[in-house]
Novice: 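Before anything else, here's the structure in question.
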Amino acid sequence: MNKRARDILFSIVLWIILVVGVLVFLFPLVNTILLAFKSDVDIASVPPKFIFKPVLDHFQKAFVTGGYQFDRYFVNSFLIASLSTLIMLGVSIFTAYAVSRYNVGGQGFMLQIIALRFFPPILFTIPFYILFSAMGLRDTIVGIAIAHTLINLPIVFPILVSFIDEIPRELEEAAIIDGCGTLGVLRHVVLPLLLPGIVAVSFINFIFSWNEYLMALILSSVNATPITVGAGLFIRSFGVQYGELAAVTTAAILPPIIIVILFRDYIIRGLTMGTIK
Amino acid sequence: MMRFHVKHLLALPTMLFLLVFVIFPTVYLWYLAFNKVTFVNIDHPVFCGIQNFIDALNPTIGLLKSLSFSFKFAFVAVAVQLTLGLLLALLFNREFKGKGVFLTLFLLPMLTSSAMFGVIGRLLFNAEIGTATYFINSIAKIFNMYILPLGKDWAFTTLIYLDTVNWTPFIFLFLYTDLRSLPKEYIEAAQIDGASGWAIFRHIIFPYLKPLLGILAVIRFADAFKTFDIIYTLTGGGPGDLTTSYSIKVYELVFVKGNFGLGAAASLLGFFILAIPLSLVIIYTRRRWSK
């Protein structure tokens, strides 16, 4: 009885701590989403209102009628993140396989890729700005997607290698005995088994590319601006319009949140298996 | 011999990518650092030796001040976030109702854009309609204070709070998954022997997590040191230059003032000032742990 009472008390305390924790950690996000749905009058009300009649005015103004082009920025973000994911897979799958199975480049190669993480992105913005201008890649979806691939490579590459490490080698050996070449083994044995890994890595890369800011800020001017950069510029360019700013920010943070809610376990598994070892 | 060719062919895509987008730009960055290059003569750099590096160290440029800010910011951020992340991981290291939902909720900030966290902070902490500003000041009124969360006295604290919300989930996630692979028998055996919760933490859990805590501290320190996004969208480096980090300073030199040469030299100096102590720490801890 005593132990039971203690257990109940314990779980009540635990719940209180967790609810307070969630409040502290999620209130900034919740506040933004609430603002996006408040009318201008409710936004200005003192004290702040938590119960109000939700309106879609700010979304409509930011994305449709206001002439701000945030609809286009949203599409740009989607294109950049998708393209960057494709480039990432193309650049890293085969090499990750070579590192996992043949230990290409030894430990040094892997370490060099991981070490890239310690290079501040600001270092790369300077040459990229000039070189991408010269190559015609500045202010293009492709250019920003490539820059994002570089930023995400040190995170995604080790994850891919760990996923390949987990595929039993015996299957490949059996396929080789059956007369498959290396490319045949890759296509018929490794890639199908790697599919969960590819899905996890794609989500992770998509989210990180969607969230990236500095590279896109430097490399975009008119055509390829993603929504994060657009939202950041909003404050400077259009003065104080809190409702529209909140609506744009809500649209910018929602896609990653939806992906996390739907595919949490994929993402957790991917993130925790590669980065740190 | 055949295998030799195939494996190198397979490694080619990443190698080529690194050559074009890492090695070549890095060489070009060094080249810029030794030349006078501005927006005006971007096509005709003029060699100037180590002048840019000397200029970058001049206190009037503000690079040194920004570096000391970045160190301070990184130290505080790592200390706060490691502590909170560890507490959360310990809290989650048991089964309870609603665990899955709480887990998702605590992970959300980590996968929210840092740049957007800056904007979110502006919406929350501005002086006009900021919800948090209102509640903070309803309490501060009791003490006859008026607090501007983005003003010069509080901007640093506000920044640390937002960065902590953004990145504690990262620390928490890794510690939590690592704890789950700690064999339960160890803890059960200790409990049977009558060990207190604190003793179990000190003698079993903490030593088990220590290597990972070290790695997380190093990674988070480096990430916090190079922070750009959240500061740029929250304060823009201000008020004045109070929150100007290393990355913000380099950005200003290059993309606001248009001085590519000076900015390149400054970015390299900052990188080495971060990299040298960091690699010493890594080498030292590796040696100690491998003994």
Side-chain angles (χ1 to χ4, degrees), chain A residues 11 14 17-18 21-22 25-26 28-29 31-32 35 43-44 46-48 90-92 94-95 97-98 102 104-105 116 118-124 126-128 130-131 146 150 182 207 210-211 213-214 218 228 231-232 235 240 242 245-246 249 252-253 256-257 260-261 264 268 271-272 276, chain B residues 6-8 10-11 13-15 17 21-22 25 28-29 32 42 88 91 96 102 104-109 111-117 119-124 128-129 131 134 162 165 173-174 177 212 215 219 222 226 228-229 232-233 247 250-251 254-255 260 263-264 267 270-271 275 278:
Chain A
S11 32
L14 184 74
I17 296 175
L18 285 171
V22 166
F25 275 81
L26 289 185
L29 301 182
N31 179 63
T32 306
L35 277 181
I43 288 177
V46 178
V91 163
S92 53
F94 296 110
T95 312
Y97 180 75
Y102 305 116
V104 166
L116 264 182
F118 292 102
F119 281 69
I122 194 83
L123 283 181
F124 292 108
I126 305 168
F128 275 18
I130 300 177
L131 296 173
I146 290 174
L150 171 70
T182 307
I207 291 176
W210 181 282
N211 288 346
Y213 185 74
L214 176 56
I218 305 286
T228 48
I235 311 167
V240 192
Y242 291 113
L245 183 59
T249 309
I253 62 178
I257 288 179
V260 175
I261 289 174
R264 188 192 74 199
I268 290 185
L271 277 177
T272 49
I276 289 161
Chain B
V6 170
K7 74 177 187 186
H8 284 93
L10 286 171
T14 309
M15 300 278 197
F17 186 83
F21 293 108
V22 177
Y28 192 68
L29 181 70
L32 289 173
I42 211 160
L88 265 183
L91 218 56
F96 56 86
F102 277 116
T104 308
L105 289 177
F106 275 109
L107 288 183
L108 289 182
L111 295 155
T112 299
S113 165
S114 298
M116 291 303 93
F117 252 104
V119 178
I120 288 166
R122 280 198 174 211
L123 291 168
L124 189 61
E128 290 130 34
I129 59 125
T131 313
Y134 172 80
L162 288 166
V165 169
L173 173 64
F174 282 94
T177 32
L212 181 63
I215 296 168
I219 290 183
K226 62 195 191 193
F228 178 89
D229 300 1
Y232 186 76
T233 50
S247 293
V250 173
Y251 173 84
V254 176
F255 299 103
F260 284 84
S267 73
F271 173 62
L278 210 59

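Labels below follow one simple rule: chain letters A, B, ... track the order of the sequence lines, proteins then strands, and each chain is numbered from 1.
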Novice: Atom CG in B/L123, atom CG in A/L245: separation rounded to 0.5 Å?
Specialist: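 It is 4.5 Å, given to the nearest 0.5 Å.
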
Novice: Below 4.5 Å, heavy atoms only, C-beta onward: do A/P47 and B/Y134 meet side chain to side chain?
Specialist: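 Result yes, sub-4.5 Å side-chain heavy-atom pair found.
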
Novice: Please classify the contact between A/L123 and chain B as side chain, backbone, both or neither, with a heavy-atom cut-off of under 4.5 Å.
Specialist: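 When you check distances to chain B, atoms from both the backbone and side chain of A/L123 fall under 4.5 Å.
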
Novice: With a 4.5 angstrom heavy-atom cut-off, is it the side chain or the backbone of B/L124 that approaches chain A, or both, or neither?
Specialist: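 Both backbone and side chain.
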
Novice: Taking the six-membered ring for Trp, are A/Y213 and B/Y232 parallel (under 30°), tilted (30 to 60°) or perpendicular (over 60°)?
Specialist: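 Rings of A/Y213 and B/Y232: tilted, 30 to 60°.
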
Novice: Answer with side chain, backbone, both or neither: which region of B/F102 has an atom nearer than 4.5 Å to a non-hydrogen atom of chain A?
Specialist: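 The side chain, not the backbone.
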
Novice: Examine whether an atom of B/T177 lies under 4.5 Å from a heavy atom of chain A, and if so say whether it belongs to the side chain, the backbone or both; otherwise answer neither.
Specialist: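 The answer is the side chain of B/T177.
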
Novice: Using every non-hydrogen atom in the two residues, find where A/P121 and B/K226 come nearest and quote the distance to one decimal.
Specialist: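 Distance-wise, the nearest heavy atoms are CD-CD, 4.0 Å.
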
Novice: Are any of the side-chain heavy atoms of B/F106 and A/L18 separated by less than 4.5 Å?
Specialist: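 Counting from C-beta outward, B/F106 and A/L18 do come under 4.5 Å.
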
Novice: Verify, without hydrogens or angle tests, whether A/N211 (side chain) and B/L111 (backbone) share a donor-acceptor contact under 3.5 angstrom.
Specialist: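 Side chain of A/N211 to backbone of B/L111, a donor-acceptor pair under 3.5 Å: yes, one is there.
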
Novice: Given heavy-atom pairs under 4.5 angstrom as the criterion, report whether the side chain, backbone, both or neither of B/L32 touches chain A.
Specialist: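 Side chain only.
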
Novice: Considering only heavy atoms from C-beta outward, does the side chain of B/T112 approach that of A/L29 to under 4.5 Å?
Specialist: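 They are in contact (side-chain heavy atoms under 4.5 Å apart), so the answer is yes.
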
Novice: Do B/I129 and A/L35 have side chains that approach each other closer than 4.5 Å (heavy atoms only, starting at C-beta)?
Specialist: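 Yes, at least one pair of side-chain atoms sits under 4.5 Å.
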
